[in-house]
There are 2 protein chains.
Amino acid sequence: MAATETRRQITEAADALFYERGFEATSFADIAAAVGLSRGNFYYHFKTKDEILEAVIDLRMANTRAMLAGWAAGADEPAGRIRSFIHMLIANRAGIMAHGCPVGTLCSELAKLDHVAKDRAAELFGLFRDWLALQFSALGRGDDAERLALHLLVRSQGIAALATAFRDETFIRREAAAMETWLAGELPGLAKSDLSIPNA
Amino acid sequence: MAATETRRQITEAADALFYERGFEATSFADIAAAVGLSRGNFYYHFKTKDEILEAVIDLRMANTRAMLAGWAAGADEPAGRIRSFIHMLIANRAGIMAHGCPVGTLCSELAKLDHVAKDRAAELFGLFRDWLALQFSALGRGDDAERLALHLLVRSQGIAALATAFRDETFIRREAAAMETWLAGELPGLAKSDLSIPNA
DNA sequence: GCAGCTTTAGGACGACTGCCCTACATCTGT
DNA sequence: ACAGATGTAGGGCAGTCGTCCTAAAGCTGC
């Protein structure tokens, strides 16, 4: 098999295992078994475990960029694109309840390990933040764009964390709906309000 | 030394190490070194690592109850008590940026390991949820109390997750202030609004 | 059909893991 | 002073970890 193809398979298997079990709890042997290779042969493709992690982060960055581009292509209006982000919570609810958010849990694990790649993993959040801010800018909320983007990130991360703990699907749906309602209140045509003052 | 005292020291050392490094990444040897005991002697106090985890969760439950009772005693008004919860984010900002929220990160790690104690760890969230709901009930928001409580939990968990990734202290302070502003909007005297419709 | 490169399997390495045993030190009650 | 309980030290158990080596199989170009 071509080395690049094997490398891709390893990276994808590691991606899934790192998500499901965590980075540290996943061993070379686990990944090898998932791909169907011998343990020892790994050294040929990846010198160290950190190298696999690097490849996994690269893969996730590429996948995230592609997903964001897909959302942008799938909706003409920025509001619809932001709703695509919110709906991700519902679409991935099973995985979230079992293993949390792939980005958030990886970042927190790498932070605890004080791993060199922790900042690279945090760039995944940066991707979402910047893309969401871009949508809010397109909605004429240029001044608040990043703050509004971070508000959505905060809420989705919090929802993921609590959904993992309580494993409550209704909770996810209700909170996602609440985010959509919040978004509707931030849309143009309505009075611009401070993000955090619900009503006066 | 009395066995109960040694047990307490072990539990406290494990509590800190589980928070800083994570449950799996912390070994018997790490805890033993922190307490100043020999590795082998652990078997006398704790048969298994899971037993230590159980003791740590018990300790955190007790500490959390004490903290909540302290907040209740420290403020006569429910709003002030809720603000104590929000201020916890700022008081613990250094730890949060380095290691995340102790409750959230433990729950997500145990979920990934599919550990038997994952539900017991989730009860820590239940403690905060119920206490916050009690305060909102006292504010006359009985119908929405649990939903409002979960909203605060969602936001604080999200803030902790992003603060760990970005390690931005200003972000924590700004989001904590936004939560206080949101709280003010939910207080009696102002028009009762739906949680998720900021303004109309 | 052979040389040379790529890819593989299998195993070994030292270190570490959670767990467990046994011999010894220390303390307590009589 | 002594017996028994309580607590400790040190090391060993089998297993796994990440890492690395070597020998050979598979493929490609001549």
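Numbers restart at 1 for each chain; the letters A, B, ... are given by sequence-line order, proteins then strands. On a predicted model such as this, the values are computed, not experimentally measured, just so you know.
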Heavy-atom check, side chain of Asp30(A) versus side chain of Arg21(A), under 4.5 Å: yes
Audit row: Leu132(B), Glu146(B), side chain to side chain contact (heavy atoms under 4.5 Å, CB included) steps and yes/no: CA-CA 8 Å; Leu132(B) 285 169; Glu146(B) 181 165 314; over 6 Å; no
Round to the nearest Å and state the distance from [X] atom [atom1] to [N] atom [atom2].
{"X": "Tyr44(A)", "N": "dG26(D)", "atom1": "OH", "atom2": "P", "answer": "16 Å"}
{"X": "Leu37(B)", "N": "dG10(D)", "atom1": "CG", "atom2": "P", "answer": "11 Å"}
{"X": "Phe46(B)", "N": "dG7(D)", "atom1": "CZ", "atom2": "P", "answer": "13 Å"}

B/S/- contact track for nucleotides 10-24 of chain C, protein heavy atom under 4.0 Å: BB-----SSSBB---
Applying salt bridge (charged side-chain N to carboxylate O under 4.0 Å, His left out), name anything that partners [X], two or more places apart in sequence or on another chain.
{"X": "Lys118(A)", "result": "Asp114(A)"}
{"X": "Arg60(A)", "result": "Asp15(A)"}
{"X": "Arg120(A)", "result": "Glu54(A), Asp58(A)"}

Would you list the atom pairs, donor with acceptor, under 3.5 Å between side chains in residues 83-92 of chain A and any protein atom, with sequence neighbours excluded?
residue  : atom : partner   : partner atom : Å
Ser84(A) : OG   : Gly80(A)  : O            : 3.2
His87(A) : ND1  : Arg83(A)  : O            : 3.3
His87(A) : NE2  : Glu180(A) : OE2          : 3.1

For Phe18(B) against Leu53(B), the heavy-atom pair lying closest together: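 Minimum heavy-atom contact is CE1-CA, 4.0 Å.
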Terminal axis angle for the helix from dG1(C)-dC30(D) to dT30(C)-dA1(D), five pairs an end, nearest 10 degrees: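 The angle separating the two end axes equals 0°.
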Charged N-O contact under 4.0 Å between Glu109(A) and Lys112(A):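 Lys112(A) and Glu109(A): not salt-bridged.
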